[in-house]
Structure formats: structure tokens, C-alpha cells
Amino acid sequence: MNAQNKSDRTGCLESSSAGRSSPPSETQRAWRLILLGAPGVGKGTQGELLSHGLGICHLSTGDLFRAAGSRKEDEQTPAMVEAMKYMRNGDLVPDSTVWELVREQADSLRSQEGFLLDGFPRTLAQAEHLKLFLDDEKLSLSAVVDYEMPQSEIVFRLSGRRICEKCKAVFHVTWRPPKIGGVCDDCGGRLYQRNDDNPASIAVRLEAYKHGTAPLIQFYKDLGLLTPVDAIGSSEEVFARTMAALQARA
Ligand code: AP5
């Protein structure tokens, strides 16, 4: 497998049957998953593999914000313009803006095929909003996968990440380099570095993770949903480990 992350992660409805040709039968399980883990741990990479492997839709709030940010200025709400500033600095976007964005995807969350949330929830308030929503809909989460990795590897992964501006494939200058520097192997698009993948923003994001997101680990542990997975190794190894952990829960 070469570059990954090419399907749309900004809405589930179109890509929801990516790996499965028909809706789940009674014996097939509709997985409802959350991916937790520090920035750069590989949530997007694994989210893509899992969504194809399990036939569920992949919703990334980071991608939703980036897609909203690339709209024309007159199509952006003031909340979205504000959100872009937070993202650039590496800070978390305010909960109210995030929930507004996620609410727009309510139909995706109700999908009978299940879903995979990448980058949401990120605070206790967001987790509580989501729980209330799912409780109201009489839906329950299957598992919360928590990817674990030392900080030195995180900085290596983030500072070398490059993304295709056309097809959104993800490369890494050392680990998964393109055949021609700066050019996407698949579509020939230009590769760029995310504006929050710089040392100052990475430091802020890691801090925001420690204070805002790490408390979610206890929240989901108390609900009996936490599924820790070691994120070191190739993406195929991490994927196999994740599938084994999910099968063990099932
Ligand atoms: P978001 O887009 O969610 O970014 P993030 O959590 O910082 O995570 P990343 O996308 O940086 O990393 P990843 O774990 O997906 O890693 P990837 O697979 O790409 O959020 C960005 C911002 O949006 C936030 O800072 C915040 O401002 C805002 N935001 C979003 N959601 C929010 C919310 N709910 N509340 C508030 N604010 C919110 O991999 C990274 C690199 O490593 C790649 O180059 C990849 O090729 C490489 N790699 C992957 N796997 C491996 C492997 N096994 N071995 C070696 N290299 C690997």
C-alpha cells in the first residue's frame, strides 16, 4: 500500500459502504468507534484502514475544519474564521463551534453501518455532548481505541508529514517518501506541509492533548470502552493490532 487517506473524511454518507457492499446483516456488527491519541500518533492513517476494513464511515473533525477553511471567504461563518485561528496556533477550537460542526453530521452518526470518529471528542464537554446524543438515539459506542506512543516519535511523524493538495494522500519524508520530491505519487498533485505541523504549533497541540484530551481516557475507562493499542510499528502492524483488540472485545 502506498499513500493513504484518500477517501472523504468530511462526511460519512458517501463513503459509508467503502469496504462492504450492502448494509450490515443481523450477524454483522455495526462498529461505532472513537480513535483517541496524541497528535501525529497515526489516527488518520489507522482511521482510513479501519474504515475500509470494517466498512464504516470515517469522520475527522480536523478535516471538516480544513475543508470549511478552504471555502471562499463569503461562504465562511464568523465561527469558522475564528476556528481557523485556533487551529493554526495548535489550540483546540471552542467546544460550541466543534459541536455545531458535528451536529451537521448527525445523519452520519445515525447510520446503521456505524462510524469512526477521528479527532472528536477531544474534551470532556464534547464527550458528554456525544454521549447525550447517542443515548437519545438509543445508540451505543463499540469501543474507544487509545493509540499510545512516546513523544519523540510523535514529533518525528508530524514534522515529516506531507499531504497532497489535490487527493489528500498522506506521505512522510522519511517513512513514506514520494517517488519524486514534493509530488504526489498517485495524482501528481503538489505536496504541502500542514500549517500546524511546525515546532511551535506541535508543542501547543501536545500540551492541549495533555490537558484537554488525556482526561477522556479515564472517562471512557469508567464506561468500560477503553481499548489501548501500541502505535509503534508499521501502519499494517498497528492495524493488525487494532483489529485483534476489537475482535477480542467483540
Ligand atoms: P486533527 O486534524 O485532528 O489533528 P491531530 O489530532 O493533531 O492529529 P493529526 O492529524 O496531526 O495526526 P494523526 O494522529 O491523524 O496522524 P497521521 O495518521 O496523519 O486536528 C487539527 C486541529 O483541528 C487541532 O489542533 C484543533 O485545533 C482542531 N480540532 C480538530 N478536532 C477538534 C475537536 N474535536 N475539538 C477542538 N479542536 C479540534 O500520521 C502522522 C504522520 O505519521 C504522517 O506523515 C503519516 O504518514 C505518519 N505515520 C502514520 N502511521 C505511521 C507509522 N505506523 N509509522 C511511521 N509513520 C507513520
Side-chain angles (χ1 to χ4, degrees), residues 1-5 9-10 34-50 58-69 79-80 82-103 105 116-127 129-130 145-149 152-164 168-178 191-198 200-209 211-213 216 229-242:
M1 185 183 55
N2 190 14
Q4 72 272 6
N5 296 4
R9 305 185 299 191
T10 59
I34 289 175
L35 302 190
L36 281 187
V41 80
K43 300 180 298 295
T45 303
Q46 293 304 317
E48 200 59 24
L49 295 172
L50 287 164
H58 180 186
L59 191 63
S60 154
T61 39
D63 283 352
L64 278 169
F65 281 124
R66 281 183 284 277
M80 235 10 114
E82 193 65 16
M84 293 307 124
K85 285 191 208 147
Y86 285 97
M87 280 184 76
R88 247 191 315 279
N89 296 336
D91 286 317
L92 293 181
V93 174
D95 288 335
S96 53
T97 310
V98 176
W99 184 242
E100 199 182 303
L101 195 81
V102 173
R103 282 289 314 203
Q105 302 296 325
L116 182 154
L117 299 177
D118 160 7
F120 176 87
R122 248 179 164 97
T123 64
L124 277 178
Q126 293 177 18
H129 269 303
L130 178 67
V145 178
D146 178 31
Y147 287 114
E148 301 174 327
M149 202 168 70
S152 53
E153 176 73 13
I154 288 176
V155 174
F156 164 80
R157 287 190 184 182
L158 287 179
S159 41
R161 173 166 53 191
R162 298 292 182 273
I163 301 170
C164 173
K168 311 293 176 215
V170 178
F171 294 83
H172 189 279
V173 289
T174 313
W175 174 68
R176 179 172 270 156
L191 300 185
Y192 74 98
Q193 185 167 27
R194 252 168 62 173
N195 62 10
D196 60 350
D197 277 349
N198 61 74
S201 300
I202 291 173
V204 175
R205 286 158 68 195
L206 288 172
E207 207 47 35
Y209 174 75
H211 293 293
T213 312
L216 291 186
V229 173
D230 179 2
I232 289 286
S234 70
S235 53
E236 290 79 8
E237 285 165 344
V238 179
F239 174 62
R241 229 175 266 149
T242 309

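Side-chain atoms are counted along with the backbone in the values below, which use heavy atoms only and exclude waters and symmetry mates. All ligand and atom numbering here is 1-based and tracks the order in the structure. In this text, all values refer to a predicted model and were calculated from it rather than measured experimentally.
- Between the Ser201 side chain and the Arg88 main chain, a donor and an acceptor come within less than 3.5 Å of each other.
- At a heavy-atom distance under 4.0 Å, no atom of Arg176 approaches ligand 1.
- When the heavy atoms of Arg161, Gln193, Arg122 are ranked by distance to atom 19 (O) of ligand 1, first place goes to Arg161.
- The distance criterion of under 3.5 Å between nitrogen or oxygen atoms is met by Gly42 with respect to ligand 1.
- Under 4.0 angstrom from ligand 1, the non-hydrogen atoms of Gln126 all belong to its side chain.
- Ligand 1 has Arg66 within reach: a non-hydrogen atom of the residue lies less than 4.0 Å from it.
- Counting atoms of ligand 1 from 1 in the listed order, those under 4.0 Å from a heavy atom of Thr61 are 30 (C), 31 (N), 32 (C), 34 (N).
- Any N or O atom pair closer than 3.5 Å counts here, and Arg205 shares at least one such pair with ligand 1.
- Atoms of ligand 1 found under 4.0 Å from any heavy atom of Asp91 (numbered from 1 in listed order, with element): 26 (C), 27 (O).
- Under 4.0 angstrom from ligand 1, the non-hydrogen atoms of Val93 come from both its backbone and its side chain.
- Around atom 22 (C) of ligand 1, the closest heavy atom drawn from Met84, Met87, His172 belongs to Met87.
- Residue-level proximity to ligand 1 for Arg157 is carried by backbone and side chain together, each with a heavy atom below 4.0 angstrom.
- With Met149 as the fixed residue, the side-chain contact (heavy atoms from CB on, under 4.5 Å) test singles out one of Val238, Ile232, Val229: Ile232.
- Looking at Arg205 and Asp197, a side-chain N of the basic residue comes within less than 4.0 Å of a carboxylate O on the acidic one, giving a salt bridge.
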Would Gln105 and Leu64 count as a side chain to side chain contact (heavy atoms under 4.5 Å, CB included) here? Give the steps.
CA-CA 10 Å; Gln105 302 296 325; Leu64 278 169; 3.8 Å; yes

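- Taken to the nearest 0.5 Å, the CG atom of Asp196 stands 9.5 Å off from the CG atom of Asn89.
- Between Thr45 and ligand 1, at least one pair of N/O atoms sits closer than 3.5 Å.
- With respect to Glu100 and Arg103, no salt bridge is recorded, no charged nitrogen being found less than 4.0 Å from a carboxylate O.
- Heavy-atom proximity to Val98, at under 4.0 Å, picks out these atoms of ligand 1: 33 (C), 34 (N), 35 (N), 36 (C).
- No donor-acceptor pair under 3.5 Å is formed between the side chain of Lys43 and the backbone N or O of Leu117.
- Counting only distance, with no hydrogens or angles, the side chain of Gln46 and the backbone of Ser235 share a donor-acceptor pair below 3.5 Å.
- Looking at Trp175, Phe156, Tyr209, Tyr147 and measuring to atom 55 (C) of ligand 1, the nearest heavy atom belongs to Trp175.
- Of the possible polar contacts, one joining the His172 side chain to the Phe156 backbone as a donor-acceptor pair under 3.5 Å is found.
- Those atoms of ligand 1 that come under 4.0 Å of a heavy atom in Ser235, given as number and element, are 53 (N).
- Of the polar atoms of Pro121, none of the N or O atoms is found under 3.5 Å from an N or O of ligand 1, judged by distance alone.
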CA sep, side-chain torsions, deciding dist, call: Phe239, Thr45, side chain to side chain contact (heavy atoms under 4.5 Å, CB included)
CA-CA 9 Å; Phe239 174 62; Thr45 303; over 6 Å; no

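- Residue contact check: Gly44 has heavy atoms under 4.0 Å from atoms 13 (P), 15 (O), 18 (O) of ligand 1.
- Within the 3.5 Å criterion, the main-chain N or O of His58 finds no donor-acceptor partner in the side chain of Glu48.
- Of the polar atoms of Ser60, none of the N or O atoms is found under 3.5 Å from an N or O of ligand 1, judged by distance alone.
- At a 4.0 Å heavy-atom cut-off, ligand 1 touches Phe171 through the backbone alone.
- When non-hydrogen atoms are compared, ligand 1 lies under 4.0 Å from neither the backbone nor the side chain of Thr123.
- Formation of a donor-acceptor pair under 3.5 Å by the Arg241 side chain with backbone atoms of Asp230 is found in this model.
- No N or O atom of Arg162 sits closer than 3.5 Å to an N or O atom of ligand 1.
- Set against the non-hydrogen atoms of Leu158, the atoms of ligand 1 under 4.0 Å away are 11 (O).
- At least one side-chain heavy atom of Phe65 sits less than 4.5 Å from a side-chain heavy atom of Met84.
- Using a 4.0 Å heavy-atom cutoff, Gly40 is listed among the residues neighbouring ligand 1.
- Under a 4.0 angstrom heavy-atom cut-off, Glu48 registers as lying outside contact with ligand 1.
- Contacts between Ser234 and ligand 1, counted as non-hydrogen atom pairs separated by less than 4.0 Å, involve the backbone only.
- For the pair Gly233 and ligand 1, a heavy-atom separation below 4.0 Å is found.
- Side chain of Arg122 to backbone of Gly119: a donor-acceptor contact under 3.5 angstrom is found.
- Arg157 places a side-chain N or O within 3.5 Å of a backbone atom of Val41 that can act as its donor or acceptor partner.
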